[in-house]
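To start, the structure itself, in structure tokens.
In each ligand, atom 1 is the first atom listed, and ligand 1 is the first ligand listed. In this chain, numbering begins with 1 at the start of the sequence shown.
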Amino acid sequence: MQVPARAAALPAREQAFELVLARSQMRLPVQPGESMADVLQLAGIAIDTLCEQGVCGTCVTRWTDGKPDHRDSCLSAQEQATHVAVCCARSLGPTLTLDL
Ligand code: FES
């Protein structure tokens, strides 16, 4: 994935990353300011959302590879080891793989 030069100046939590969908083999860029839920919905992948603030758990999805930057308040640490709230989480690395 090509990360724009201006992204190098952004804090790690706000940098662009690539969302990899393990089952469909799709790769979707997530830009700063976009949520994974928005990107998935724009790609035609059904992700239910409600609060869009990491509170309700509606959007929780299993992740399989990468290093999520969890920003929710609905998952326990144990749950975060396997699942991520795609409405608010980002990635600490260049890619994050979801079980979709
Ligand atoms: Fe509520 Fe994501 S939509 S936690």
Closest approach of Ser91 to Gly93 (non-hydrogen atoms, all atoms of both residues): OG-O, 2.9 Å
Val20 backbone acceptor or donor facing Arg27 side chain under 3.5 Å: no
Considering all heavy atoms, the nearest Arg90-Gln15 contact: NH2-O, 3.1 Å
Closest contact, heavy atoms only, Asp72 versus Leu75: OD1-N, 2.8 Å
Atom 2 (Fe) of ligand 1 neighbourhood, protein N/O/S only, threshold under 2.8 Å: Cys59 SG, Cys87 SG
Sequence neighbours left out, cut at 3.5 Å: what donor-acceptor pairs do the side chains of residues 51-65 make with other protein atoms?
{"unit_1": "Glu52", "atom_1": "OE2", "unit_2": "Thr49", "atom_2": "OG1", "d": "3.1"}
{"unit_1": "Thr61", "atom_1": "OG1", "unit_2": "Cys59", "atom_2": "O", "d": "2.9"}
{"unit_1": "Trp63", "atom_1": "NE1", "unit_2": "Gln80", "atom_2": "O", "d": "2.9"}

Flag side-chain contact, heavy atom, 4.5 Å: Met36 against Ile47: no
